[in-house]
Amino acid sequence: MLHAMPRNFGWIGLGAMGYPMAAQLRRKLPASSQLFIFDIDDSVLNRFTQEMSGEWSVSVLRSAKEISEQSDFIITIVPEGSHVREVYLNPEVGLLAAHDISGKIFVDCSTIDPSTSLVIGEAVSSSAPLSTTPRFYDAPVSGGTAGASKASLTFMVGTPSTDPNFPLLKEVFSLMGTSIYALGGPSLGLAAKLSNNYLSGMIALATAEAMNLGMRLGLDPKVLSDCIATSSGASWVNATMNPVPGVCPDAVTSRGYDGGFKVQLMKKDITLAMEAARQVDAKLVLGDSGLSAYSAAAEDPRCRDKDSRVVYRWLGGIEPKGSD
């Protein structure tokens, strides 16, 4: 049975990704819809309500429990698995502490370990009578802060395409993204996300190494990047987020690596991918070296809190004057 678009939405987590995603959702929902928001940072709540003031209805609540009580469709996006557990399972103020969650839909867009997501999903399912069972979906996203701001994200949804809720999920996610994939079942959205971010991180590191090599051999960085773009080394990273400042003028790599996907988060995601690989006996030959590089960059004061492509700087790559 297909569901109508819910009237009351809840949002928890207004960080670098959550803020622009929630803003896109609020602007594109019908004016009659209500968005309830919660974050542990009061300043970001104030900024969001000020940005939305006037035309769009937004209400700040004081806990995840209150969000659950007021909303029919709840989206969470927080940094780590421990935070997801706290948001959902805190017995006093968590989402599942609400008096009645029957029939509600919970979506977690966080990038966390699949095992934690499965625990949360089971807890949600067992929190109401079978006849009105709430549903939980892992739906991590890809596309970075730029994709979140432009509503061009990819959603990786842990459910089969035959799920009767998938048309509704797709309709809601299409307000924030352009590519929505049903990956087959619970936690498989996260499986796709960890696989993707492992690949993305290794490609970015290899691109940084290759650019550093070519430039030290005498090549102009833009000429080298253009050459790679039509050769076997072509990639999204090279074309849109080349690690060398100036090669992609509109990218964060040309703005001092400020913004984007923090190097600490790349370290976290590669760590999660390697843990998942160990659990299923998947050999990751590049994993240890890649994780070592991102871990060192994350601790380097020149690189910490910068976009993950700053690993080029950590490698000792040549940067044009005035690039930072």
Have [X] and [Y] got a donor and an acceptor in their side chains that come within less than 3.5 Å?
{"X": "D305", "Y": "Q264", "value": "yes"}
{"X": "Q24", "Y": "K28", "value": "yes"}
{"X": "S142", "Y": "T154", "value": "no"}
{"X": "S71", "Y": "N8", "value": "no"}
{"X": "T76", "Y": "D108", "value": "yes"}
{"X": "S43", "Y": "N46", "value": "no"}

Please examine the side chains of [Y] and [X], heavy atoms only from C-beta on, and report whether any two atoms are closer than 4.5 Å.
{"X": "Y257", "Y": "R313", "result": "yes"}
{"X": "V119", "Y": "R85", "result": "yes"}
{"X": "L272", "Y": "L190", "result": "no"}
{"X": "W11", "Y": "R26", "result": "no"}
{"X": "V244", "Y": "V247", "result": "yes"}

Heavy-atom closest contact ([X] atom, [Y] atom, distance):
{"X": "S308", "Y": "Y294", "value": "O-CE2, 3.6 Å"}
{"X": "P134", "Y": "V124", "value": "CG-O, 3.2 Å"}
{"X": "P164", "Y": "P167", "value": "O-CD, 3.4 Å"}
{"X": "A23", "Y": "M52", "value": "CB-CE, 3.7 Å"}
{"X": "G287", "Y": "I270", "value": "O-CG2, 4.5 Å"}
{"X": "M211", "Y": "Y312", "value": "CB-CE1, 4.4 Å"}

* **Validation row, ring centre F106 to ring centre F136 under 6.0 Å** => no
* To do: Check the pair E80 / K268 against salt bridge (charged side-chain N to carboxylate O under 4.0 Å, His left out), numbers first and verdict last.
  => CA-CA 9 Å; E80 298 182 6; K268 181 204 81 170; over 6 Å; no
Using a cut-off of 6.0 Å, state whether more than 12 heavy atoms not belonging to [X] lie near its atom [atom1].
{"X": "F166", "atom1": "CZ", "value": "yes"}
{"X": "K150", "atom1": "NZ", "value": "no"}
{"X": "I318", "atom1": "CD1", "value": "yes"}

* To do: To the nearest 0.5 Å, tell me how far T253 OG1 sits from D258 CG.
  => 11.5 Å
* Hey, what do you get for CG (L35) to CZ (R7), rounding to the nearest 0.5 Å? -> 12.0 Å
Answer with yes or no whether the hydrophobic clustering places [X] together with [Y]; edges join I, L, V, M, F, W, Y residues whose side-chain heavy atoms lie under 4.5 Å apart.
{"X": "M5", "Y": "I75", "result": "yes"}
{"X": "V58", "Y": "L61", "result": "no"}
{"X": "Y88", "Y": "I12", "result": "yes"}

* To do: Only one of V78, I77, L153, D138 passes side-chain contact (heavy atoms from CB on, under 4.5 Å) with C109; say which it is.
  => I77
* Asked: Between R47 and Y19, is NZ or CZ placed under 6.0 angstrom from the six-membered ring centre and within 45° of the ring axis?
  -> yes
* **R27 NZ/CZ over W56 ring centroid, <6.0 Å and within 45° of normal** => yes
* Asked: Taking NZ, NE, NH1 and NH2 as the nitrogens, is one of them in D220 or K222 under 4.0 Å from a carboxylate oxygen of the other?
  -> no
* **Pair D163-R135, salt bridge (charged side-chain N to carboxylate O under 4.0 Å, His left out): steps then yes or no** => CA-CA 11 Å; D163 185 329; R135 296 298 306 274; 3.3 Å; yes
* To do: Using the side-chain contact (heavy atoms from CB on, under 4.5 Å) rule, take M202 and L286 through it: C-alpha gap first, then chi angles, then the decisive distance, then the call.
  => CA-CA 8 Å; M202 297 305 148; L286 303 178; 4.0 Å; yes
* So F9 and F73, would you call those rings parallel, tilted or perpendicular, with 30° and 60° as cut-offs? -> tilted
